[in-house]
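One structure is given below, encoded as structure tokens.
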Amino acid sequence: MSFTAPIPIIGASHVPGLRLDPDWHRKSVFYEVMVRSFVDSNGDGFGDFQGLTSRLDYLQWLGIDGIWVPPFFQSPLKDGGYDVSDYQAVLPEYGTIDDFKHFVSEAHARNMRVMIDLPINHTSDQHPWFLASREDPEGPYGDFYVWRDTDEGYPNVRIIFVDTETSNWAFDSVRRQFYWHRFFSHQPDLNFENPAVHDAVYDIVRFWYDLGVDGVRLDAIPYLYESEEGNGESEPATHQFVRDLRRMVDDEYPGRVLIAEANQWPAETAEYFGTAEEPECHMAFDFPTMPRIFYSLRAQNASELQRVLAEQVEVPPGAAWGVFLRNHDELTLEMVSEEYRQAMYGWYAYDPRMRSNVGIRRRLASLLDNSRAELELANALLLSLPGSPFLYYGDEIGMGDNIWLDDRDASRTPMQWSPDRNAGFSTADPGKLFLPPVQSLVYHYTSVNVEAQMAQASSLLNWMRSVLHVRRQHPVFGLGTITVLETDNESVLAFVRSYGGDGTYHGPKEEHVLCVFSFSHNPVHVTIDAPDWSGAALHDLFGGGQFPTIADDGRFSLTFGTQSFYWLHIGSQA
Ligand code: BGC
């Protein structure tokens, strides 16, 4: 099967007017894809923009509205491209600026948005700014980084990459001073106390918005500023910088968005939305909910998830969470208690090789032991949460990982398109590939691949596509509020997503959907309390089947098979 030919779109109904819609980011399902991992169009062993562009039809067929591409800039690739040495050049292995522009226009032609990723907290130590800074302290770049004579400053700041780093300071033998780095020592932090750094960052942001991108992910945003007293995370000056940047984006690029990568506790993460009067980012990744989903699956207990969702801070108008199960990083366990962390290591990272820093470097399917029931349950929950879902490439077919590769490369292997050589990813000599495709017993590319799953109506890929298309028919999932309900079974999570309608003729209509998930590993019967909905009729969102009406006292009962869910339309009183 050729993936270069357009794949017919069966039943894909895009939300009308998405391109002009100021709420587009709240109605979208995003797909994270690392350029080097998707499709190699020229046989050099690296994925590239021409390859990615050739599979936009696949993403459209799947039901994707936006694509997030992690850094694809010039880089020594010591941190997957998050170590940038030129922010305004495409890494030659990935193509050219023209290839990028073509990719953006082809995505737009399919009604898909493009979100890029800007690591502005730090650069590569190969960036010309750093080379100049270390050589000429008095020159124009002398103050671009955070230099000190000793390695004693900022004592309260934690180390993030605990597997490789022992200090946030590193000695530079040229300048004979220490420089500050929050991540790898080859990634010196930019000095945001220097206004010239702000100007340089604004130039980069404008450069990419001018090329037509729709959104920018602000990588590692909490770490821009540090202070002697603070812990170097979300310092007031960092929020001020984000507020100023937002004002610039709203003034010069209305309709484009910023998304915060802030791996923080719930209240601190929510601060990256700012307020209605002083907004910061349009979106922020929801780090606290994600690990609690994995916890609930194994603990068969939804109470912690219920608590987090019930306490979820309301976002300012127009803002949205970005929800996800997995991404290109380890499944971070930084934002859970020590007790939860140890439990999750025991369940999900029983082999020490599966761990990375404070987290687990595995893919969704292998975390869930390839259980179809768990994959459906986890994905359905993801697609029901308040916010816009971000899928990670390959998870739609249940790709596995390779824990024998270094660090997070374990889950950045080539996309598995077909059972052919190199999984259909590349025509290169297999030894030339940037990473080998997965060849493990369970997840080998000869059995787990797009072509095979397209040929099987009941495959995970086809299930994902159907669920995405059902979700698309119900804007309540993107726009609605959440009300968590009480249940009499601790393994069952129930909530109502509600949208009051926007009052316009073309806008989405009022809608209420009850989402219920059973994490139990056995069948269960549950009674749910929905006091606001007494007498309401319930219908299954997939097949339309009628369920028992909610009783006058607001209670109703449901029976679940093992690890399953319902999406039920709440209709007017029966
Ligand atoms: C990215 C990582 C990267 C780190 C340092 C993160 O937040 O997601 O992949 O290693 O920033 O740039």
Side-chain angles (χ1 to χ4, degrees), residues 30 32-37 68-87 91 115-127 130 145-146 157-165 168 170 179-190 192 201 204 215-224 226 232-234 238 242 258-264 268-269 272 281 283-288 290-291 322 324-335 356-363 390 392-393 401 405-413 435:
F30 293 89
E32 180 190 6
V33 55
M34 303 192 88
V35 178
R36 69 173 184 170
S37 306
W68 157 24
V69 262
F72 49 83
F73 317 109
Q74 186 68 260
S75 160
L77 292 188
K78 287 188 181 170
D79 181 17
Y82 283 88
D83 47 330
V84 180
S85 57
D86 183 348
Y87 288 93
L91 188 77
M115 196 171 261
I116 64 160
D117 200 334
L118 285 180
I120 55 171
N121 174 68
H122 46 268
T123 69
S124 158
D125 60 3
Q126 300 307 304
H127 196 292
F130 187 71
Y145 295 85
V146 184
V157 177
R158 72 185 168 114
I159 294 169
I160 298 171
F161 282 171
V162 288
D163 284 358
T164 40
E165 305 301 325
N168 286 321
Y179 61 88
W180 179 251
H181 61 90
R182 287 311 305 273
F183 294 93
F184 289 120
S185 58
H186 58 73
Q187 286 165 317
D189 273 32
L190 285 164
F192 278 82
V201 168
I204 295 163
V216 168
R217 172 185 183 266
L218 297 174
D219 178 65
I221 198 67
Y223 313 118
L224 300 191
E226 36 283 323
E233 305 195 10
S234 308
T238 297
V242 182
L258 295 170
I259 178 162
E261 190 224 8
N263 183 4
Q264 307 277 291
E268 284 101 77
T269 309
Y272 284 91
C281 293
M283 302 181 78
F285 282 108
D286 181 352
F287 278 93
M290 179 274 297
F324 62 101
L325 293 169
R326 292 295 296 115
N327 61 21
H328 66 286
D329 283 327
E330 69 275 21
L331 189 173
T332 167
L333 298 178
E334 280 165 337
M335 298 304 142
S356 171
N357 299 313
V358 187
I360 304 173
R361 55 191 198 105
R362 301 181 72 195
R363 264 190 181 269
F390 282 71
Y392 185 50
Y393 85 94
D401 46 49
L405 297 173
D406 282 343
D407 193 9
R408 291 154 292 165
D409 279 351
S411 48
R412 298 175 180 179
T413 57
L435 288 176

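Counting convention: from 1, in listed order, for ligands and their atoms alike.
- Annotation: side chain to side chain contact (heavy atoms under 4.5 Å, CB included) contacts of V84 (sequence neighbours excluded): F73, Y87, P119.
- Contact shell of ligand 1 (protein heavy atoms, cutoff 4.0 Å): D79, Y82, H122, F161, F183, Q187, R217, D219, E261, H328, D329, R408, R412.
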E32 and N327: CA distance, side-chain angles, deciding distance, side chain to side chain donor-acceptor pair (under 3.5 Å) verdict: CA-CA 7 Å; E32 180 190 6; N327 61 21; 5.2 Å; no
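- Applying the ring-ring contact (aromatic ring centres under 6.0 Å, His included) rule to Y223 yields the partners F183; only residues at least two apart in sequence or on another chain are considered.
- Remark: Y82 engages H328 in a ring-ring contact (aromatic ring centres under 6.0 Å, His included) (not counting sequence neighbours).
- Between F287 and F285, the ring planes lie perpendicular to each other; the angle is over 60°, past the 30° to 60° tilted range.
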Residue pair Y392, R412: steps toward the side chain to side chain contact (heavy atoms under 4.5 Å, CB included) verdict: CA-CA 10 Å; Y392 185 50; R412 298 175 180 179; 3.7 Å; yes
